[in-house]
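We're numbering straight along the sequence, starting at 1.
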Amino acid sequence: MKKRLLTAALLTSLSAHADTASLPDPIRQMEKQGIEIVKPFTAPDGSQGWLGKYQETGVTMYLTPDKKHVISGYMYDAQGNNLSEKIINDEIYLPAGRQMWQQLVSAPGIKEGSDDAACKVVVFADPFCPYCNKFWEQAQPYIKEKKIVTTTLLVGVIRPDSGQYAAAILAADDPRQVWHDLESSKGKVKPALNDKTPRAVFTQIQRNQQLMEALGANGTPAIYYLNKDRSLQQIIGLPNPEQMKNLVACQ
């Protein structure tokens, strides 16, 4: 379910690239039926194919040799491998994920760890999220070992005053230290609330929440990293042991 949420979000963020004016007539008819045309491709058998998206799902369409008909669906080889799925993943999901990753790493946040770390991790967290705190604790040894470096993007989703405390952390002279004090004390050492939230801080939190929603995340922690294959990975909630192992290995 979580994987489907991420791929749906990536499809939503991806803009169509095809020049619709030059579409073959059968493909243009598919467009009229609601399929958003993304780009053409050449199928393994040499036939002309087109990538599209429909209702948050990637689709493949294949022109017949006479270019008068189109077949929509998956193409399989003699071993039963789904060739269309690989094309959708390679040509739509992977590029969209990398594009989204650039938005994540360019967002200002609380950085913990070394630039020399093997894996960069972006985490959406709420100041009062117990699972965020647990993940923070689990991540510390790997941060010290330079296996991962984390950037925390604060949001306010757990309590009515979560946003105020997120703002107090980000408005502090040293947000990283204030965040460290809060997490290492399991929420006991809270920052003093500000009478007025600086506009820049308010905008930062608002953008964090918009970015989180754009990714289809419905809870915290929402954890993202680009693995060694440069495929965007998503973990919603506290990682289980296997997920944590993969994250640390950047797999």
Once you round to the nearest 0.5 Å, how far does CD of Glu36 lie from CD of Glu31?
8.5 Å
Should the heavy atoms of other residues, nucleotides or ligands under 6.0 Å from CD of Gln48 be counted, would the total exceed 12?
yes
Taking atom OH of Tyr142 as the centre, does the number of heavy atoms from other residues, nucleotides or ligands within less than 6.0 Å exceed 12?
no
Let me see the working for Gln138 and Leu238 under side-chain contact (heavy atoms from CB on, under 4.5 Å), right down to the final yes or no.
CA-CA 10 Å; Gln138 291 179 347; Leu238 183 66; 3.7 Å; yes
Quick check for you: to the nearest 0.5 Å, what is the distance between Asn218 atom CG and Glu213 atom CD?
10.5 Å
Shortest non-hydrogen pair, Ile37 vs Met61, comes out as CD1-CE, 3.8 Å
Taking Leu211's backbone N and O only, do any of them form a donor-acceptor pair with Gln103's side chain (distance below 3.5 Å, no angle check)?
no
Pairs meeting criterion ring-ring contact (aromatic ring centres under 6.0 Å, His included) with involvement of residues 180-222, two or more places apart
Trp136-His180
Work out which heavy atom in Thr151 is nearest to a heavy atom in Gly109; give both atom names and the distance.
CG2-CA, 3.8 Å
Is there a chain of hydrophobic side chains (I, L, V, M, F, W, Y, each step under 4.5 Å between heavy atoms) that links Leu226 to Met212?
yes
Take Phe124 and Thr152 through the side-chain contact (heavy atoms from CB on, under 4.5 Å) test and state the conclusion after the steps.
CA-CA 6 Å; Phe124 291 93; Thr152 300; over 6 Å; no
Closest heavy-atom contact between Leu247 and Cys119?
O-SG, 3.7 Å
Closer than 3.5 angstrom, by distance alone: can the side chain of Arg28 be matched with the main-chain N or O of Leu23 as a donor-acceptor pair?
yes
How long is the gap from CD1 on Ile205 to CG on Leu170, to the nearest 0.5 Å?
5.0 Å
Say whether, by atom type as modelled, one donor and one acceptor occur between the side chain of Asn227 and the main chain of Cys250 under 3.5 angstrom.
no
Give a yes-or-no answer on whether the side chains of Gln177 and Asp181 include a donor-acceptor pair shorter than 3.5 Å.
yes
Among Ile148, Ile235, Thr150, which one satisfies side chain to side chain contact (heavy atoms under 4.5 Å, CB included) with Tyr225?
Ile235
Would you tabulate the side-chain donor-acceptor contacts of residues 63-74 under 3.5 Å, counting partners in other chains and residues two or more places apart, or write 'none'?
from: Thr64; atom 1: OG1; to: Asp66; atom 2: OD1; distance (Å): 2.6
from: Thr64; atom 1: OG1; to: His69; atom 2: N; distance (Å): 3.3
from: Thr64; atom 1: OG1; to: His69; atom 2: O; distance (Å): 3.2
from: Asp66; atom 1: OD1; to: Lys68; atom 2: N; distance (Å): 2.9

Here the pair of heavy atoms bringing Gly52 nearest to Ile92 is O-CD1, 4.0 Å
In terms of heavy-atom contacts, Asn82 and Glu85 come closest through OD1-N, 2.8 Å
Hey, is CZ on Phe41 packed in by over 12 heavy atoms from elsewhere, all under 6.0 Å?
yes
Does the pair Ser47 and Met75 meet the rule for a side-chain contact (heavy atoms from CB on, under 4.5 Å), with working shown?
CA-CA 11 Å; Ser47 61; Met75 177 181 285; 4.3 Å; yes
Is any side-chain heavy atom of Lys111 less than 4.5 Å from a side-chain heavy atom of Val149?
yes
Given Lys186 and Glu137, is the side-chain contact (heavy atoms from CB on, under 4.5 Å) satisfied, shown in steps?
CA-CA 9 Å; Lys186 296 186 182 296; Glu137 292 178 340; 2.4 Å; yes
Can Thr220 and Asp126 be counted as having a side-chain donor-acceptor contact under 3.5 angstrom?
no
We want to know whether Ser231 and Tyr93 form a side-chain donor-acceptor pair, criterion being a heavy-atom distance below 3.5 angstrom.
no
About how many Å separate CD of Glu145 and OG of Ser114, when rounded to the nearest 0.5 Å?
13.0 Å
For the atom pair CG (Leu51) and NZ (Lys39), what is the distance rounded to the nearest 0.5 Å?
7.0 Å
Can you tell me how far apart CD (Gln233) and CD (Gln251) are? Round to the nearest 0.5 Å.
10.0 Å
Does Thr42 use its side chain to pair, donor to acceptor, with the backbone of Gly46 at less than 3.5 Å?
no
For Arg230 and Leu94 the tightest heavy-atom approach is O-CD2, 4.3 Å
